[in-house]
Protein chains: 2
Amino acid sequence: MKLYSWNVNGFRSVLKKGFMDWLEAAEPDVLSLQEIRCEWEEADLGVRRQIESAYDVCWFPATSKKGYAGSATLSRKELGFTHAKGMGIEAYDAEGRMIVSTKGDLAFIAGYFPNASQGLVRLPFKRQFARDLAAFVGARHRAGQKVILTGDMNVAPEEIDLARPKDNVKNPGFTPEEREDFKLYLEAGLVDVLRDRNPDVAGLYTWWTARGGARERNVGWRIDLFLASRSLMDRVKDARIHADVLGSDHCPISLELA
Amino acid sequence: MKLYSWNVNGFRSVLKKGFMDWLEAAEPDVLSLQEIRCEWEEADLGVRRQIESAYDVCWFPATSKKGYAGSATLSRKELGFTHAKGMGIEAYDAEGRMIVSTKGDLAFIAGYFPNASQGLVRLPFKRQFARDLAAFVGARHRAGQKVILTGDMNVAPEEIDLARPKDNVKNPGFTPEEREDFKLYLEAGLVDVLRDRNPDVAGLYTWWTARGGARERNVGWRIDLFLASRSLMDRVKDARIHADVLGSDHCPISLELA
DNA sequence: CGTGATAAG
DNA sequence: CTTAACACG
């Protein structure tokens, strides 16, 4: 089973840049999209029909602000995933942040984690989100489920996960507070799969600022991740970053499970 | 002397579309620009230097709202025009509407007349503007000056001046009120030069809506005009509409004086 | 429909 | 630097 996550920075934008070609080539079984920034009905009708012919679509745009945030999860129809919008907490659900998709004892929890924003004005919101999400994951584990947590987490966990750690200790995505909160997911029993399999490999990034050719020079951040319950780790066949895929300031990431 | 007027719908935009090539080819002696929509300092430095090497530049952006309205008048340095920003009425001057340029007994009054706007919400403002401007022209005549009044007047004077008169009697630019107010300029002693020389020629337009290929089908309006004091009419050598010049939803117009 | 300001990232 | 909403025309 091939699981993918991609912050597309505007679904309508990425549609103009070959998203459908990528979708047909990558053939994900489950795909989480973040920053869709539109209603499903605002996307091209032909595209919608084509996607709906193969996938169960759970489209979860923000209701709080038009064109802002939002996430979606697509799963191949034959897999029979059940999709639920939100974690039941209005502050996050109004921004279309997380979708919980289940099949048997597997919970695929995916979406768009808050950005701490300029001046860290949203750091308190993001910290509460991390606490609530970690508790949510813990409850799933106690209920006997195995969890995949993925999406744009808007935090680089360690110094190795960004090109310029020293320059960014006070910046959104690499503050001590955000890194500390990231550990709550690990303490809830999840493993950062790609880093687990590549402990010392530097230069593995999933996001590059659009300013000044950062992507060409690979001055990036690894902020899009797959975390998996420890009990799932023996099923992991592959974890990859698809840095060659253009169309957004993020690139897709994937996890292949046996 | 070749006088030009052009609503450029964003000076920075038209710069990207060959404005400087046009300027060098047209070689205007005096040029009024409308809807400049930027500060002089926001335009490309090379462009500014090139223009300033040949022209006295009177740049008159709106102070009331960034990126809104504004006008400019350029005159060849060797002509020695004196430029004055505004008519001394704050409501118009804050929007960078009119520039008064004088040389000897000639007053070149040029700029961006108000748009009545959707729902005609600005019709009262536009009517007062017309009264004030007509009075301003009258005062110039009584002071012994000859007047050229030009710019985007945002009104089609007669049915012949737009492709769809019947459809637009309630729309901004062709209401009975705006057409009535236009006559104030004529009553102040000015002549609509192009119409005076081409009384029955239809299809002479200077603006086309960007929606639905109106320009290609020449479904337009003549709302950019040169009006001249009757005493100047014997000096008129030519009055033209340059509909082939692209780069804005308006095209340039010109008046050649002996 | 296009230009430009703005919010957000 | 880029996406999308918005104001204005």
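What you are looking at is a predicted structure, and each value in this text was computed from that prediction instead of being measured. The sequence lines fix the lettering, A, B, ..., with proteins before strands; numbering per chain opens at 1.
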A.B. asks: Under 4.0 Å between a side-chain N or O of B/Ser13 and OP1 or OP2 of C/dT3?
C.D. replies: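 B/Ser13 to C/dT3 OP1/OP2: side-chain N or O found under 4.0 Å.
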A.B. asks: Just how far, in rounded Å, is C1' of D/dT3 from NZ of A/Lys66?
C.D. replies: 14 Å
A.B. asks: Starting at CG of B/Leu246 and ending at C1' of C/dT3, how long is that distance when rounded to a whole Å?
C.D. replies: 17 Å
A.B. asks: What integer distance in Å separates A/Trp208:CH2 from D/dT2:P?
C.D. replies: 16 Å
A.B. asks: Within this structure, what is the NZ-to-C1' distance between A/Lys126 and C/dA8, rounded to whole angstrom?
C.D. replies: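 To the nearest whole Å, that distance equals 14 Å.
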A.B. asks: Specify the separation, in whole Å, of atom CG of A/Leu123 and atom C1' of C/dG9.
C.D. replies: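 For the pair A/Leu123 CG and C/dG9 C1', the rounded distance is 16 Å.
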A.B. asks: Which whole-number value in Å describes the distance from A/Gln34 CD to C/dG9 P?
C.D. replies: 14 Å
A.B. asks: Restricting to pairs with a member in residues 166-176 of chain A, which pass salt bridge (charged side-chain N to carboxylate O under 4.0 Å, His left out), not counting sequence neighbours?
C.D. replies: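 Qualifying pairs, neighbours excluded: A/Glu159-A/Lys166.
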A.B. asks: Can you measure B/Ile36 atom CD1 to C/dG4 atom P for me and round it to whole angstrom units?
C.D. replies: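 So the two atoms are 11 Å apart, to the nearest Å.
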A.B. asks: Is the charged tip of B/Arg122 near the ring of B/Phe125: under 6.0 Å from the six-membered ring centre and within 45° of its axis?
C.D. replies: yes
A.B. asks: Going by salt bridge (charged side-chain N to carboxylate O under 4.0 Å, His left out), name the pairs with one or both residues in residues 203-226 of chain B, residues two or more places apart or in two chains.
C.D. replies: B/Asp161-B/Arg222, B/Asp192-B/Arg222
A.B. asks: Taking the side chain as everything from C-beta on, heavy atoms only, tell me whether A/Arg97 gets closer than 4.5 Å to A/Asp93.
C.D. replies: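 No, every pair of side-chain atoms sits at 4.5 Å or beyond.
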A.B. asks: Rounded to whole Å, please give me the gap between CD in A/Glu95 and P in D/dA4.
C.D. replies: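 Taking CD of A/Glu95 and P of D/dA4, I get 18 Å after rounding.
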A.B. asks: For A/Gly212 and for A/Glu42, find the nucleotide of DNA chain D with the closest heavy atom, then tell me which residue's nucleotide is more 5'.
C.D. replies: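 Looking at DNA chain D, the more 5' nearest nucleotide goes with A/Gly212.
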A.B. asks: Under 3.5 Å, which protein N or O atoms sit close to an N or O of nucleotides 7-9 of chain D? Give each pair with its distance.
C.D. replies:
unit_1	atom_1	unit_2	atom_2	d
D/dC8	OP1	B/Lys65	NZ	2.5
D/dG9	OP1	B/Tyr68	OH	2.8
D/dG9	OP2	B/Ser117	OG	2.8
D/dG9	N1	B/Arg211	NH2	3.2

A.B. asks: Is the A/Trp6 to A/Phe11 ring centre distance short of 6.0 Å?
C.D. replies: no
A.B. asks: With a 6.0 Å cut-off on ring centres, are A/Trp40 and A/Phe60 close enough?
C.D. replies: no
